[in-house]
Amino acid sequence: MAAPMPRGYRSITEYRFGEEQADAIVRAAAYHRKDYCRSVVWFSRREHVGIRLPIGTSFQRTSDAGLGSLDRLPLELLHDVLLRLDMHSLFKFRQTNLRSRQMVDSLNQYQMVISHGLNLLCALLRTRLAIGVSLSDFYYALCTKACTLCGEFAGFISLLTWNRCCFKCLQEAPETQVQTLAAVRKQFHLTKAELDQLKSFKTLPGIYLMEECVYKSRITVVSAYQAKLVSGREPLTLPANSRWNKKFNFMGSCALPYYDKRTGKVEHGMSCAGCQLALEKDIIGSRGEKWAFEARDKVYAQDGFLEHFRWCEQAQLLWRSSDGGNRRPIELPEAARRRGYLNERE
């Protein structure tokens with residue numbers, strides 16, 4: 001029999017609110033955890049300043065140059081061809097002339113990708129994985145809301161398997177495990193032919209993990225899950241199950257928001273400030289219960305958070321003290337104010 005929820009955590013009755021209050025409730029009682037996004041492959045906004053406009057805007061002039069034989073294709077078919085190009089080839093094509101630049105820039109899918117997925121695009125180009133991801137693949141991932149492994153909100157993507165995943169699955173799921181090429185070769189006793197079938201890349205120097213560890217070396221990594229599928233064998237040796245051996249999972253993934261094609265809204269995911277407050281008040285987690293910290297760390301889409309809010313007593317308390325979302329709640333936790341626990345890097 002499940003233990004009853006601690007008093008002060010789950011409200012006795014469902015809290016009801018109007019649809020017009022939804023955004024204000026989110027402002028008052030939820031927060032986006034920047035520390036999650038910055039524990040994986042991440043680039044400062046300063047690095048994007050000089051490229052965001054040039055890669056998405058056509059020159060304001062005319063040109064007689066065309067696309068050669070491609071001009072014979074119906075516009076709809078040409079758009080379909082461009083959607084199927086890998087991101088590396090698409091950029092090369094865009095640089096051909098003014099006409100090709102205008103053609104690529106006219107694609108809504110391309111505009112959405114560079115507007116909301118620039119961090120991931122940079123990661124693909126710098127790891128040379130862009131050659132394996134089409135514009136269609138990228139846009140589909142951007143418009144995917146749920147983790148392919150557990151169904152929760154997916155704020156991340158694996159660079160090697162191109163699977164959308166949540167932060168928990170990124171760390172724990174067998175399908176997201178990343179290891180060095182040398183380690184995988186030894187663990188699975190892979191032949192050269194089997195190694196050639198694995199997608200690999202060299203890690204990017206940066207700050208990774210929730211502990212903000214600096215890694216400067218570039219190490220070739222592969223998907224341990226793909227290695228198992230290719231070899232058809234269980235690993236001969238298992239790596240130690242520690243957080244430090246999970247570091248390559250972080251180096252092999254990147255944050256990606258969710259773009260809702262229907263509404264045009266972009267969601268980065270949100271956590272409940274009320275659950276953080278409940279932990280700080282020792283309402284939950286006083287005995288080290290795992291579920292309490294998982295509740296604090298869970299990331300929701302907006303609709304999921306609002307359902308949670310209906311029964312989260314401490315989140316409701318924050319909302320009531322926010323003057324309808326117009327001022328900071330009195331007891332808003334420091335972690336919510338800072339959007340997580342990592343140091344500011346901008």
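Owing to the predicted nature of the structure, the values given are computational and were not obtained by experimental measurement.
No more than 12 heavy atoms of other residues, nucleotides or ligands lie within 6.0 Å of OH in Y225, so this atom counts as exposed by the packing criterion. Sparse packing is recorded around OH of Y140, with 12 or fewer heavy atoms of other residues, nucleotides or ligands lying under 6.0 Å away. Taking a 6.0 Å sphere around CD1 of I131, one finds it holds 12 or fewer heavy atoms contributed by other residues, nucleotides or ligands. Other residues, nucleotides and ligands place no more than 12 heavy atoms under 6.0 Å from the CD atom of E19. No more than 12 heavy atoms of other residues, nucleotides or ligands lie within 6.0 Å of CZ in R7, so this atom counts as exposed by the packing criterion. The 12-atom threshold is not exceeded at CZ of R128, counting heavy atoms of other residues, nucleotides or ligands nearer than 6.0 Å. Within 6.0 Å of CD in E76 there are 12 or fewer heavy atoms belonging to other residues, nucleotides or ligands.
Between T161 and E175, the closest side-chain pair of non-hydrogen atoms is not below 4.5 Å. Under the 4.5 Å side-chain criterion, counting only non-hydrogen atoms from C-beta, C254 is not in contact with W42. Using a 4.5 Å heavy-atom cutoff, the side chains of Y9 and C275 are in contact. Counting heavy atoms from C-beta on, the side chains of M103 and R94 never come closer than 4.5 Å. Looking only at side-chain heavy atoms (C-beta outward), H268 and H32 come within less than 4.5 Å of each other. Looking at heavy atoms from C-beta onward, V133 lies out of side-chain contact with D86 at the 4.5 angstrom threshold. Proximity of R328 to S322: side-chain heavy atoms (C-beta onward) are nowhere separated by under 4.5 Å. Residues L120 and V113 are not in side-chain contact: their nearest non-hydrogen atoms beyond the backbone lie 4.5 Å or more apart.
Rounded to the nearest 0.5 angstrom, S223 OG and L159 CG are separated by 11.5 Å. To the nearest 0.5 Å, atoms CZ (R38) and CG (L209) are separated by 16.0 Å. For the atom pair E172 CD and T176 OG1, the distance stands at 9.0 Å (nearest 0.5 Å). L190 CG to L181 CG: the interatomic distance, rounded to the nearest 0.5 Å, is 8.5 Å. Atoms CE and CD1, from M5 and I283 in turn, are 13.0 Å apart once rounded to the nearest 0.5 Å. From I55, atom CD1 reaches atom NE2 of H48 across 9.0 Å, with rounding to the nearest 0.5 Å.
A donor-acceptor pair shorter than 3.5 Å cannot be found between the side chains of K199 and Q226. When only modelled atom types and interatomic distance are considered, N249 and Q177 share a side-chain donor-acceptor pair under 3.5 Å.
Taking the charged nitrogens against the carboxylate oxygens, E331 and K281 do have a contact shorter than 4.0 Å, which makes a salt bridge. Look at E47 and R126 and you find a salt bridge, because one of the NZ, NE, NH1 or NH2 atoms lies within 4.0 Å of a carboxylate O, short of that distance. Classification of E152 and K168 as a salt-bridged pair fails, no side-chain N sitting under 4.0 Å from a carboxylate O. At a threshold of 4.0 Å, the pair E294-K290 counts as salt-bridged, since one of the basic side-chain nitrogens sits closer than that to a carboxylate oxygen. Look at K192 and D196 and you find a salt bridge, because one of the NZ, NE, NH1 or NH2 atoms lies within 4.0 Å of a carboxylate O, short of that distance.
Here the closest heavy-atom approach between residue A278 and residue Q314 is recorded as CB-CG, 4.0 Å. Between A146 and G151, the closest heavy-atom pair is CB-O, 3.7 Å. Taking each heavy atom of D137 and W162 in turn, the nearest pair found is O-NE1, 3.4 Å. Contact detail for F156 and A255: the closest heavy-atom pair is CD2-CA, 3.7 Å. Closest heavy-atom contact between A28 and L332: O-CD1, 4.0 Å. Nearest heavy atoms, C312 versus S11: N-OG, 4.4 Å.
Under the 4.5 Å side-chain contact rule for hydrophobic residues, L306 and L318 do not share a cluster. Follow the hydrophobic side-chain contacts under 4.5 Å out from V40 and you reach V221 in the same cluster. One hydrophobic cluster, built from ILVMFWY side chains closer than 4.5 Å, cannot hold both L170 and M270; they sit in different ones. When hydrophobic clusters are built by joining Ile, Leu, Val, Met, Phe, Trp and Tyr residues whose side-chain heavy atoms come closer than 4.5 Å, directly or via intermediates, L85 is grouped together with L77. One hydrophobic cluster, built from ILVMFWY side chains closer than 4.5 Å, holds both M87 and L160.
Here D303 pairs with K145 under the side-chain hydrogen bond (donor to acceptor under 3.5 Å, both in side chains) rule; sequence neighbours left out.
Classified by interplanar angle (parallel below 30°, tilted 30° to 60°, perpendicular above 60°), the ring pair Y36/F167 is parallel. Under the 30°/60° scheme for interplanar angles, the aromatic rings of Y215 and Y208 are found to be tilted. Ring orientation note: the planes of Y259 and H116 are close to parallel, at an angle under 30° on the 30°/60° scale.
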Apply the test side chain to side chain contact (heavy atoms under 4.5 Å, CB included) to residues H308 and C272: give CA-CA distance (whole Å), side-chain angles for both, the deciding distance (0.1 Å), then the verdict.
CA-CA 9 Å; H308 167 81; C272 179; 3.4 Å; yes

Run the numbers on D35 and R338 for salt bridge (Lys or Arg N to Asp or Glu O under 4.0 Å), then give the verdict.
CA-CA 9 Å; D35 50 355; R338 295 182 59 189; over 6 Å; no

Verify side chain to side chain contact (heavy atoms under 4.5 Å, CB included) between L67 and L78, making sure each step is shown before the conclusion.
CA-CA 10 Å; L67 300 178; L78 180 54; 3.8 Å; yes

Could you go through F93 and L82, starting from their C-alpha distance and side-chain angles, then the distance that decides it, and tell me whether this counts as side chain to side chain contact (heavy atoms under 4.5 Å, CB included)?
CA-CA 9 Å; F93 174 78; L82 295 179; 3.5 Å; yes

Could you walk me through whether R84 and S134 pass side chain to side chain contact (heavy atoms under 4.5 Å, CB included), step by step?
CA-CA 5 Å; R84 294 170 187 267; S134 70; 5.5 Å; no

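Taking the ring axis of F17 as reference, the NZ or CZ atom of R310 stays within 45° of it and closer than 6.0 Å to the ring centre.
The distance between the ring centers of F305 and W319 does not fall below 6.0 angstrom.
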